[in-house]
Undergrad: 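First the structure, which I've put down as structure tokens, then a few questions once you've had a look.
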Amino acid sequence: MKTEEEFYIRLLLDFNVTNFGIMEKKSKKKVVLVTGGARGIGSAISLELGTSEFIVIINYNNSKEHAKSVKKDIEKNGGTAFIMKANIAKSTGCKKLFKEIEAKVGTVDILINNAGITRDKSFKKMEIEEWNAVIDTNLSSAFNTSKLALPAMLDKKYGRIINVSSVIGQSGGFGQTNYSAAKSGLIGFSKSLAIETAKHGVTVNCICPGFIGTDMVKAMPPEVLKGIIEKIPANKLGDPKDIAKGVRYLIEASYITGQSLNINGGLYMM
Ligand code: NAP
């Protein structure tokens, strides 16, 4: 700071930015994008980060009402959130999403690739459409969003990319060749990108949830689910908040990169 006058001008600008929401684009709060941030694990992550530290972008594809409700809850807690519709399974959807974020908020500091789907079927019965849908939504989306988020992260010498993988990407699962390939792919993708970005202040990690009590798991036949729970040493499904806490931890950890954080009640130990 050259002069006392400049110091006070700077102070005034900062005061405007943080206290009145003026020039939101220049806010010092970190901008977090949560793909599929309106439901299930994604909504728990949005709510965990929906505090005064972050501006949360809640991406949704179909669940607009859920997205509005999560935004409302964040604002009730004094946080700032935006909801943005985009189909992240398509590169055009990702591009549209980042265009909107940059126009309304600025660049993304923290990218949480959470959106995912299952299309379970034994390999014998699985069609190429079910393979492609799962690979596009769970894996190619991370390529597309990372490609769009990374240039600004490298410029700022700060960034966090957290990919929500799965225990199934580590252990495999019956009827899940597509899902398992996508989730394993995320682990390899994260390790390789971590090597490329570590010296620029950007970390890239995975979280591998076990079985968490969301719509995705509740869609399983009850007898299958009962059998799974019996095999979990913790003897219960995980809570979406367990995953959200892991996300916060990886955001705070600057010297952890290329890793997978297993949050699975002891179901699978590496
Ligand atoms: P969920 O309840 O079924 O929610 C899926 C989320 O993904 C929704 O928010 C959905 O958004 C979003 N999504 C799906 N396709 C999308 C697309 N094309 N574009 C944008 N958003 C899309 O699932 P969940 O259990 O919360 O799973 C979240 C992540 O955790 C997934 O990656 C999943 O594979 C992983 N995971 C879950 C478990 C588990 O036990 N639940 C275990 C391991 C890993 P809309 O509703 O707006 O379409």
Side-chain angles (χ1 to χ4, degrees), residues 33-48 56-71 83-98 100-101 111-120 130 132-142 144-145 162-173 176 178-187 189-190 206-220 224-225 228-229 231-232 234 236-244 246-247 260-265 267-268:
L33 166 61
V34 187
T35 68
R39 281 202 302 118
I41 291 172
S43 68
I45 296 170
S46 299
L47 289 167
E48 170 69 32
V56 182
I57 313 297
I58 305 161
N59 156 249
Y60 69 95
N61 192 27
N62 297 303
S63 305
K64 185 171 186 183
E65 289 312 309
H66 286 87
K68 277 160 68 178
S69 151
V70 174
K71 173 178 158 69
I83 65 167
M84 295 188 194
K85 177 176 168 63
N87 177 359
I88 55 79
K90 292 184 183 298
S91 67
T92 46
C94 295
K95 281 184 189 149
K96 175 186 151 278
L97 175 61
F98 273 74
E100 188 177 351
I101 297 172
L111 167 63
I112 319 290
N113 285 310
N114 162 78
I117 58 167
T118 49
R119 294 286 182 271
D120 294 356
E130 288 143 349
N132 285 338
V134 168
I135 298 293
D136 289 349
T137 311
N138 295 274
L139 180 60
S140 302
S141 58
N144 285 312
T145 54
I162 300 171
N163 296 315
V164 181
S165 175
S166 170
V167 67
I168 300 299
Q170 301 168 311
S171 66
Q176 296 194 295
N178 50 1
Y179 187 75
S180 183
K183 294 304 191 184
S184 289
L186 275 181
I187 296 173
F189 170 80
S190 304
C206 279
I207 289 193
C208 294
F211 288 85
I212 311 298
T214 66
D215 294 346
M216 184 179 272
V217 161
K218 288 178 195 155
M220 294 167 97
V224 176
L225 196 52
I228 287 170
I229 293 172
K231 287 194 190 121
I232 302 172
K236 61 176 182 181
L237 295 177
D239 189 301
K241 286 184 190 150
D242 296 325
I243 309 304
V247 167
S260 291
L261 180 58
N262 303 321
I263 306 180
N264 61 26
L267 178 63
Y268 189 78

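Residue numbers start at 1 and run along the sequence shown. When a ligand or atom number is given, it counts from 1 through the structure's own listing order. Only this structure's heavy atoms are used, side chains among them; waters, hydrogens and symmetry mates stay out.
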Undergrad: Examine Ile41 against ligand 1 and note whether any of their N/O atoms are separated by less than 3.5 Å.
TA: yes
Undergrad: Under 4.0 Å from a heavy atom of Val164: which atoms of ligand 1 are those, numbered in the order shown and with their elements?
TA: 29 (C), 30 (O), 32 (O), 35 (C)
Undergrad: Kindly compute the distance separating OG (Ser166) from CD1 (Ile207), expressed to the nearest 0.5 Å.
TA: 12.0 Å
Undergrad: Looking at atom 28 (C) of ligand 1, what's its closest protein heavy atom, distance included?
TA: Asn114 OD1, 3.2 Å
Undergrad: In the protein, what heavy atom is nearest to atom 19 (N) of ligand 1, and what distance, to one decimal place, separates them?
TA: Ile88 N, 3.1 Å
Undergrad: Under a heavy-atom criterion of less than 4.0 Å, does Ala86 contact ligand 1?
TA: yes
Undergrad: Can you tell me how far the NZ atom of Lys241 sits from the CD1 atom of Ile45, to the nearest 0.5 Å?
TA: 13.5 Å
Undergrad: Quick check on contacts: which atoms of ligand 1 are under 4.0 angstrom from a heavy atom of Asn59?
TA: 20 (C), 21 (N)
Undergrad: For atom 38 (C) of ligand 1, which of Ala182, Gly213, Gly210, Ser166 has the closest heavy atom?
TA: Gly210
Undergrad: Taking all non-hydrogen atoms of both residues, which atom of Ser260 and which atom of Gln170 are closest, and how far apart?
TA: CB-NE2, 4.4 Å
Undergrad: For the backbone of Cys206 and the side chain of Asn163, can you confirm whether one donor and one acceptor N or O come within less than 3.5 Å of each other?
TA: no
Undergrad: Quick check on contacts: which atoms of ligand 1 are under 4.0 angstrom from a heavy atom of Ser63?
TA: 45 (P), 46 (O), 47 (O)
Undergrad: Is it the side chain, the backbone, both or neither of Thr118 that has a heavy atom closer than 4.0 Å to ligand 1?
TA: neither
Undergrad: What's the shortest heavy-atom distance between Gly93 and Ala86, and which atoms?
TA: O-CB, 3.6 Å
Undergrad: So which of Lys85, Met216, Glu65, Lys90 gets nearest to atom 27 (O) of ligand 1, if we judge by its closest heavy atom?
TA: Met216
Undergrad: List the atom of Ile187, the atom of Cys208, and the distance in Å for their closest heavy-atom pair.
TA: CD1-SG, 4.0 Å
Undergrad: Just need the protein heavy atom nearest to atom 24 (P) of ligand 1, so name the residue and atom and give the distance.
TA: Thr214 OG1, 3.6 Å
Undergrad: Looking at atom 40 (O) of ligand 1, what's its closest protein heavy atom, distance included?
TA: Ile212 N, 2.7 Å
Undergrad: At their closest point, which heavy atom of Ala115 faces which heavy atom of Asn138, and how far apart are they?
TA: O-OD1, 4.2 Å
Undergrad: Answer yes or no: does atom NZ of Lys95 have more than 12 heavy-atom neighbours from other residues, nucleotides or ligands under 6.0 Å?
TA: no
Undergrad: Polar-atom distance check: Gly36 versus ligand 1, any N or O pair below 3.5 Å?
TA: yes
Undergrad: Under 4.0 Å from any heavy atom of Val217, which atoms of ligand 1 are there?
TA: 39 (C), 40 (O), 41 (N)
Undergrad: What's the separation between atom CG in Leu33 and atom CG in Asn114, rounded to the nearest 0.5 Å?
TA: 10.0 Å
Undergrad: Under 4.0 Å from a heavy atom of Phe211: which atoms of ligand 1 are those, numbered in the order shown and with their elements?
TA: 40 (O)
Undergrad: Could you tell me which atoms of ligand 1, counted from 1 in the order shown, lie closer than 4.0 angstrom to a heavy atom of Ala89?
TA: 18 (N)
Undergrad: To check your reading of the model: name the closest protein heavy atom to atom 13 (N) of ligand 1, its residue, and the distance in Å.
TA: Ala115 CB, 3.7 Å
Undergrad: For Ser43, state whether at least one heavy atom is located under 4.0 Å from any atom of ligand 1.
TA: no
Undergrad: Which residue holds the protein heavy atom closest to atom 18 (N) of ligand 1, what is that atom called, and what is the gap in Å?
TA: Asn87 OD1, 2.7 Å
Undergrad: Check each of Ile58, Ile57, Val70 against Ile83 using the side chain to side chain contact (heavy atoms under 4.5 Å, CB included) test, and report the only one that passes.
TA: Ile58
Undergrad: At less than 4.0 angstrom from any non-hydrogen atom of Gly116, what atoms of ligand 1 do you find?
TA: 5 (C), 7 (O), 14 (C), 31 (C), 32 (O)
Undergrad: Distance check, rounded to the nearest 0.5 Å: Leu186 atom CG versus Ile162 atom CD1?
TA: 13.0 Å
Undergrad: Please report the closest heavy-atom contact between Ile41 and Pro240, naming both atoms and the distance.
TA: CA-CB, 4.0 Å
Undergrad: Where does Cys208 meet ligand 1, judged by heavy-atom distances below 4.0 Å: at the side chain, the backbone, both, or neither?
TA: neither
Undergrad: Give a yes/no verdict on whether any heavy atom in Lys183 is under 4.0 Å from an atom of ligand 1.
TA: yes
Undergrad: Can you tell me if Lys85 has over 12 outside heavy atoms packed within less than 6.0 Å of its NZ?
TA: yes
Undergrad: Looking at CD1 of Ile88 and OG1 of Thr145, how far apart are the two atoms once the value is rounded to the nearest 0.5 Å?
TA: 7.5 Å
Undergrad: Mind checking the CG-CZ spacing from Asn61 to Arg39? Nearest 0.5 Å is all I need.
TA: 10.0 Å
Undergrad: What protein heavy atom sits nearest atom 36 (N) of ligand 1, and how far away is it?
TA: Tyr179 OH, 3.5 Å
Undergrad: Give the atom numbers and elements of ligand 1 that come within less than 4.0 Å of a heavy atom of Ile117.
TA: 14 (C), 15 (N)
Undergrad: Are any of the N/O atoms on Ala38, whether in the backbone or the side chain, positioned under 3.5 angstrom from an N/O atom of ligand 1?
TA: no
Undergrad: When you compare ligand 1 with Tyr60, is there at least one nitrogen or oxygen pair between them that comes in under 3.5 angstrom?
TA: no
Undergrad: Determine the minimum heavy-atom distance between Leu267 and Lys231, stating which atoms define it.
TA: CD1-O, 3.8 Å
Undergrad: Looking only at protein heavy atoms, which one is nearest to atom 2 (O) of ligand 1, and what is the separation?
TA: Arg39 NH1, 3.5 Å
